[in-house]
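Structure, as structure tokens:
Keep in mind the model is a prediction, meaning the values are calculated, not measured.
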Amino acid sequence: MNIRERTLASIKQRTNGSWRARYRDDAGKEHARHFKTKREGSAWLVEQTSAVAQGTHLAPARARTTLAEWADTWIQGYERNRASTVRQARTHLAVIKADLGHRPIRSVRPSEVRSWVVGLSGRGYAPSYAYALHARLSQLFTDAMHDGLVVKNPCSRKTSPKGAKQRPYVATTEQVWALYDALPDHFRPVVLLGAFAGLRVAEIAALRVEDVDFMRGVITPAIQYPAEPLKTEESKNPIPIPTDLALMLNANPVTFRSKTIVVGVFGRPVAPYTIEAAWRDARGKVKGLPEDFRIHDLRHYFASLLIAAGLDIKTVQARLRHASAKTTLDTYGHLWPDRDESSRTAVAAVLEARKNPPQPGDAETGS
């Protein structure tokens, strides 16, 4: 059976002189268009029937889908993610829809994506945010390909801005303890959990007494605020802590008989934004800290502490609960000790051996 038979394609002239081209798609639905000339109609018919045969056919009505319309459909399926993740996606989509939403999704070209990215920088968007917006646009097109709306994704490395890779600010030990002292007593575990266990703020707010084995010295995060799953499976990895830290973390549960490690002034659980309000007040009292120093940045101190102690990359990855060692290296690789002298010595030893090869009789013989 040939393509024409399977698609029932035909073109006929109507009484008014126009030409009616029609065909059936692979689902059996008929599509038709009228043209002034037979040549135009035949060309359209060949294009459509070839797409049916190649599995790339898209119904004319869907071919007119705009990027904004697809974004609205896409976000509905994205709602199953965490609320904070969905909010971030909606923020990205608002920019994308405002700039490119009017365009039929099949008409967007790589050159236009490159121009859009350049324009983002010109409008004052930070390089890291422009990178995130491009990644979101690429995600939209990738899923549109799976849905049969487009054949190719116009986003690629060639259209992407360079990701902003800024080395994180690592607080000094003196600054960490200054933050600890500047916070109210009931909020001090925030510093302990961030700087000495590497927890994220949503994990800190949700950490329960039952998640800490005070006798064995192990923290096992289970949820993040308010009661949502953790960011990744690796986030559930247990974190060993020393006895002294376990005793310090037990202060609030003993004082308030609380169910969480971090509590408010009345001994009740608190939200991350309440913790962050107190954090901003404390941060302003510590000399030398950047104005935008976050609770999350305590994780950088924790990483530097482990690296300075000589821990290998896989151990640091496990303690930070990163999904891959690459993430750990990309973020903290510069903190590992410089091995220049060690490598220089190793190469020098080989060169020296070539200049002064061992001679027969140099080796001692046994008696």
Side-chain angles (χ1 to χ4, degrees), residues 80-88 168-171 176 179-180 183-214 216-242 244-253 256 258-264 267-280 282-283 292-306 311 315-325 327-328 331-332:
R80 66 180 182 275
N81 291 290
R82 297 195 315 273
S84 58
T85 302
V86 175
R87 282 196 299 273
Q88 184 184 57
Y169 179 84
V170 179
V176 168
L179 283 165
Y180 178 85
L183 284 167
D185 290 351
H186 55 276
F187 279 151
R188 286 179 174 175
V190 171
V191 174
L192 301 178
L193 292 169
F196 303 122
L199 266 65
R200 305 170 178 93
V201 63
E203 297 168 343
I204 291 172
L207 191 68
R208 302 164 299 188
V209 174
E210 66 191 77
D211 300 328
V212 183
D213 188 331
F214 296 98
R216 293 175 54 241
V218 179
I219 296 173
T220 308
I223 57 173
Q224 62 179 343
Y225 186 88
E228 296 182 357
L230 293 173
K231 185 178 180 180
T232 63
E233 283 299 310
E234 288 75 15
S235 296
K236 300 176 183 177
N237 290 347
I239 306 161
I241 59 173
D244 287 347
L245 181 55
L247 291 173
M248 295 172 77
L249 292 175
N250 202 26
N252 278 345
F256 298 103
S258 60
K259 294 182 178 181
T260 56
I261 300 300
V262 176
V263 298
R268 297 170 184 168
V270 290
Y273 60 80
T274 303
I275 297 172
E276 287 168 345
W279 175 263
R280 287 190 291 272
R283 181 180 60 200
D292 58 351
F293 189 79
R294 308 162 299 164
I295 295 172
H296 188 86
D297 293 328
L298 292 174
R299 278 171 59 84
H300 305 326
Y301 174 83
F302 181 54
S304 70
L305 197 65
L306 301 181
L311 275 66
T315 304
V316 175
Q317 174 200 346
R319 296 297 174 265
L320 290 171
R321 296 165 296 134
H322 282 155
S324 71
T327 301
T328 311
T331 309
Y332 303 113

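Under a cut-off of 6.0 angstrom, the local environment of CD in Glu233 is sparse, with at most 12 non-hydrogen atoms contributed by other residues, nucleotides or ligands.
Pairing each heavy atom of Pro272 with each of Ala202, the nearest pair is CG-CA, 4.3 Å. Contact between Thr260 and Ala205 at its shortest, heavy atoms only, is CG2-O, 4.5 Å. When all heavy atoms of Pro221 and Asn237 are compared, the pair lying nearest together is CD-O, 3.8 Å. In this structure, Tyr225 and Ala271 approach most closely via the heavy-atom pair OH-CB, 3.3 Å. Taking both residues in full, the closest heavy atoms of Arg188 and Tyr180 are given as NE-O, 2.9 Å, listed atom of the first, atom of the second, then distance. Taking all atoms of both residues into account, the shortest heavy-atom contact from Ala278 to Leu183 is O-CD2, 3.8 Å.
Salt-bridge check for Glu203 with Arg321: passed, with a basic side-chain N closer than 4.0 Å to an acidic carboxylate O.
Going from atom CZ of Arg294 over to atom CZ of Arg200 covers 11.5 Å, rounded to the nearest 0.5 Å. Rounding to the nearest 0.5 Å gives a distance of 9.0 Å between CG of Leu199 and CZ of Phe302. Note: Met248 CE to Leu193 CG = 10.5 Å, rounded to the nearest 0.5 Å. Between the OG1 atom of Thr220 and the NZ atom of Lys236 there is a distance of 12.0 Å, given to the nearest 0.5 Å.
No side-chain heavy atom of Trp279 sits under 4.5 Å from any side-chain heavy atom of Val201. A heavy-atom distance below 4.5 Å is not found between the side chains of Gln224 and Ser235. Within the 4.5 Å cutoff, the side chain of Val191 has no heavy atoms near those of the Tyr301 side chain. Put simply, the side chain of Leu207 reaches to within 4.5 Å of the side chain of Val212, judged on heavy atoms. A heavy-atom distance below 4.5 Å is found between the side chains of Ile295 and Glu276. Using a 4.5 Å cut-off on side-chain heavy atoms (C-beta onward), Ile241 and Leu192 make no contact. Counting heavy atoms from C-beta outward, Arg208 and Lys259 have side chains that stay 4.5 Å or more apart.
Considering Asp244, Leu298, Val176 in turn, Val176 is the only one that fulfils the side-chain contact (heavy atoms from CB on, under 4.5 Å) rule with Phe196.
Under a 3.5 Å cut-off, the side chain of Asn252 and the backbone N or O of Ile261 do form a donor-acceptor pair. Under a 3.5 Å cut-off, the side chain of Arg319 and the backbone N or O of Gly198 do not form any donor-acceptor pair. Remark: side-chain polar atoms of Glu228 are not paired, donor with acceptor, to backbone N or O of Ile223 under 3.5 angstrom.
The aromatic rings of Tyr169 and Phe293 stand perpendicular to each other, their planes meeting at an angle above 60°, with 30° marking the opposite boundary.
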